[in-house]
Number of protein chains: 2
Amino acid sequence: MTLLSTRDEDKRMPQLNRDDWIAAALTVLVEEGIDAVQVTQLSRLLEVTRGSFYWHFKSRDALLEALLAEWRARNTGVMVDALTAAQTLSEGILELFAVWVDHTRFDPRLDQAVRDWSRRADGVLKSVAQEDDNRVRSIAAFFETHGYEPTEAFIRARVIYFTQLSYYSLGVREPLTERAGFLSAYYQCFTGNSLGEGDADAFLARMARNGVST
Amino acid sequence: MTLLSTRDEDKRMPQLNRDDWIAAALTVLVEEGIDAVQVTQLSRLLEVTRGSFYWHFKSRDALLEALLAEWRARNTGVMVDALTAAQTLSEGILELFAVWVDHTRFDPRLDQAVRDWSRRADGVLKSVAQEDDNRVRSIAAFFETHGYEPTEAFIRARVIYFTQLSYYSLGVREPLTERAGFLSAYYQCFTGNSLGEGDADAFLARMARNGVST
DNA sequence: CGGGTTCCATACACCCCTGTATGTATCGCG
DNA sequence: CGCGATACATACAGGGGTGTATGGAACCCG
């Protein structure tokens with residue numbers, strides 16, 4: 001709701017611009033899915049008439065294109081970047097975990113919404129598929145640089161990424177303490193190695209400092 | 001399309017019954033999602049008027065309930081059954097793989113469609129969540145009976161199940177030969193153990209005999 | 001101050017979907 | 001034969017959504 005701050009409750013904040021419509025559309029996309037992103041509903045939400053929308057956008061499709069562009073700009077490359085900086089295996093994997101829990105760097109709800117959308121829009125599907133491919137590839141490359149055979153690296157990359165996707169997709173919510181208890185088990189399963197206690201504690205401490213929400 | 005066989009091209013195959021509508025609705029659900037399951041569209045598909053539908057069903061919601069019941073009847077328990085019969089670890093895990101590739105036992109497209117649907121219908125969400133919980137629990141229990149600690153068993157169950165869910169959700173399609181090459185890597189990652197060559201070959205031979213499609 | 005630009009309101013045309021009420025054809029069956 | 005029940009057709013009421021055409025209010029600016 002903070003996304004509508006420019007207008008909102010104030011009587012007559014000057015005017016809406018293109019980005020206001022996109023911001024509103026993004027929240028609706030995340031909350032209720034792409035089918036709920038309708039000109040009429042957004043107008044009601046922004047408390048203007050549809051006339052306004054059709055001044056800023058050529059059509060609903062134009063808005064949807066803008067949404068996809070926004071997703072690309074936000075969620076692309078975040079995971080890849082996390083890995084390229086890492087020196088050791090554990091550092092990289094833990095940093096990946098960190099990205100996935102840090103919703104300021106990676107927005108899982110938006111990612112999920114776009115993914116749902118993509119299942120019934122071929123154009124979107126292509127974008128998402130390519131992005132997924134990039135992510136898995138970069139994780140696999142990371143494993144390879146740390147001594148894993150190509151096939152094993154690829155499969156481990158898939159397993160770790162696919163697991164996380166389902167984590168989001170099923171909307172798993174569990175308390176931080178419980179999640180912390182799973183850390184080394186996940187690490188063991190994903191890498192085949194044990195996680196040093198020092199590394200685990202340092203990671204959990206860092207998470208606690210950053211105060212991750214879920 | 002074979003689902004509409006009772007009526008179909010023939011001039012005036014006697015009449016439609018409730019199951020004909022459900023069958024048509026299922027194909028539409030799988031192909032185009034729950035929003036496309038509309039009385040009007042189904043009528044066009046079955047080449048009758050909407051009057052027919054409202055004779056067989058009280059409302060569109062009644063049809064949707066029937067669809068959910070159909071999903072429950074088909075896809076529930078299949079995975080659980082696969083594990084309870086297994087004697088050894090590898091036997092159980094490989095049987096799980098077998099179920100996932102055998103679309104006559106487990107229908108991933110229907111599962112995925114219901115899952116998509118569930119994300120915007122709270123009642124459906126509950127059913128799916130409970131089913132997921134059962135599946136993960138039963139896999140975890142299987143790991144435990146083969147010597148894994150409870151936490152590790154649970155995480156490995158999650159990882160193996162979540163990975164497979166994403167496999168479906170992303171619609172990964174790869175040739176059988178390629179997939180066969182991944183088998184032992186998957187097994188290694190999921191269980192932490194190596195898969196005996198004999199077991200692998202036997203499994204692949206069995207798959208080939210059954211002639212799995214994808 | 002007057003005119004152009006920006007932003008939005010109003011109104012209309014068009015389409016699609018649900019649900020209901022009612023008419024109608026076919027068939028089983030006593 | 002005639003009468004219910006079955007299965008569907010027809011027609012109407014109501015609602016929601018997209019676009020478009022056009023009018024008007026506020027504002028910038030020379």
Side-chain angles (χ1 to χ4, degrees), chain A residues 3-29 31-68 117 120-121 123-124, chain B residues 3-29 31-68 117 120-121 123-124:
Chain A
L3 281 170
L4 314 175
S5 55
T6 53
R7 223 165 191 252
D8 231 8
E9 35 224 36
D10 312 287
K11 278 282 131 55
R12 217 110 272 270
M13 283 313 263
Q15 236 91 6
L16 294 178
N17 57 34
R18 215 165 183 276
D19 287 339
D20 294 325
W21 285 97
I22 295 180
L26 277 175
T27 72
V28 173
L29 170 63
E31 306 275 347
E32 309 176 53
I34 193 64
D35 289 334
V37 178
Q38 297 169 343
V39 180
T40 304
Q41 286 208 26
L42 294 176
S43 308
R44 273 200 282 269
L45 216 155
L46 294 172
E47 293 179 306
V48 294
T49 61
R50 292 173 21 262
S52 168
F53 176 86
Y54 284 101
W55 193 89
H56 292 288
F57 296 86
K58 185 181 147 252
S59 69
R60 178 172 177 269
D61 277 340
L63 174 65
L64 298 192
E65 266 188 44
L67 290 184
L68 194 58
W117 174 18
R120 232 150 298 115
V124 183
Chain B
L3 281 170
L4 313 176
S5 54
T6 54
R7 217 164 199 254
D8 232 7
E9 35 225 34
D10 311 288
K11 278 281 130 59
R12 216 112 272 273
M13 282 315 261
Q15 236 94 5
L16 295 178
N17 58 35
R18 215 165 183 276
D19 286 339
D20 293 326
W21 285 98
I22 294 181
L26 276 175
T27 72
V28 172
L29 170 64
E31 305 278 346
E32 309 176 52
I34 192 65
D35 289 335
V37 178
Q38 296 168 345
V39 180
T40 304
Q41 287 207 25
L42 294 177
S43 307
R44 272 199 285 268
L45 216 153
L46 294 173
E47 293 179 304
V48 294
T49 62
R50 292 176 18 267
S52 168
F53 175 87
Y54 285 101
W55 193 89
H56 292 286
F57 295 86
K58 186 182 145 247
S59 68
R60 177 173 177 268
D61 277 341
L63 173 64
L64 299 193
E65 264 187 46
L67 290 184
L68 194 59
W117 175 16
R120 234 150 296 114
V124 183

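The shown structure was predicted, so the numbers you read here are calculated from the model rather than taken from an experiment. Letters A, B, ... are given to chains in the order of the sequence lines, protein chains preceding strands, and every chain is numbered from 1.
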Nearest-0.5 Å distance, [atom1] of residue [X] to [atom2] of residue [Y]:
X     : Y      : atom1 : atom2 : result
B:K58 : B:E65  : NZ    : CD    : 8.5 Å
A:F57 : A:W21  : CZ    : CH2   : 8.5 Å
A:L68 : A:W117 : CG    : CH2   : 5.0 Å

Protein N or O to nucleotides 15-18 of chain C N or O, pairs below 3.5 Å:
residue: C:dC17; atom: OP1; partner: B:Q38; partner atom: OE1; Å: 3.1
residue: C:dC17; atom: OP2; partner: B:R44; partner atom: NH2; Å: 3.4
residue: C:dT18; atom: OP1; partner: B:V39; partner atom: N; Å: 3.0
residue: C:dT18; atom: OP2; partner: B:V39; partner atom: N; Å: 3.3
residue: C:dT18; atom: OP2; partner: B:T40; partner atom: N; Å: 3.0
residue: C:dT18; atom: OP2; partner: B:T40; partner atom: OG1; Å: 2.9

Given atom [atom1] of [X] and atom [atom2] of [N], what is their separation to the nearest angstrom?
X     : N      : atom1 : atom2 : result
A:L16 : D:dA26 : CG    : C1'   : 15 Å
A:E32 : D:dG17 : CD    : P     : 12 Å
B:F53 : C:dT20 : CZ    : P     : 11 Å
A:D61 : D:dT18 : CG    : C1'   : 11 Å
B:L46 : D:dA9  : CG    : P     : 11 Å
A:L42 : C:dC8  : CG    : C1'   : 16 Å
B:K58 : C:dA21 : NZ    : C1'   : 17 Å
B:F57 : D:dC8  : CZ    : P     : 12 Å

N/O donor-acceptor pair under 3.5 Å between A:H56 side chain and A:L63 backbone: no
Donor-acceptor under 3.5 Å (A:R50 side chain, A:S43 main chain): no
Identify each atom pair where a protein N or O and an N or O of nucleotides 25-28 of chain C are less than 3.5 Å apart, giving names and distance.
none

In a table with atom names and distances, give each donor-acceptor pair under 3.5 Å that connects a side chain of residues 34-42 of chain B to protein atoms at least two apart or in another chain.
residue: B:Q38; atom: OE1; partner: B:Q41; partner atom: NE2; Å: 3.4
residue: B:Q38; atom: NE2; partner: B:D35; partner atom: O; Å: 3.0

Test salt bridge (Lys or Arg N to Asp or Glu O under 4.0 Å) applied to B:R44 - qualifying residues, sequence neighbours left out: none
Partner residues of A:R18 under the salt bridge (Lys or Arg N to Asp or Glu O under 4.0 Å) criterion, sequence neighbours left out: none
Contacts of type side chain to side chain contact (heavy atoms under 4.5 Å, CB included), residue A:T49, not counting sequence neighbours: none
Among C:dC7, C:dA9, D:dT6, the nucleotide that comes nearest once only the side chain of A:T49 is considered: C:dA9
Short side-chain N/O contact to C:dT6 OP1/OP2 from A:H56, under 4.0 Å: no
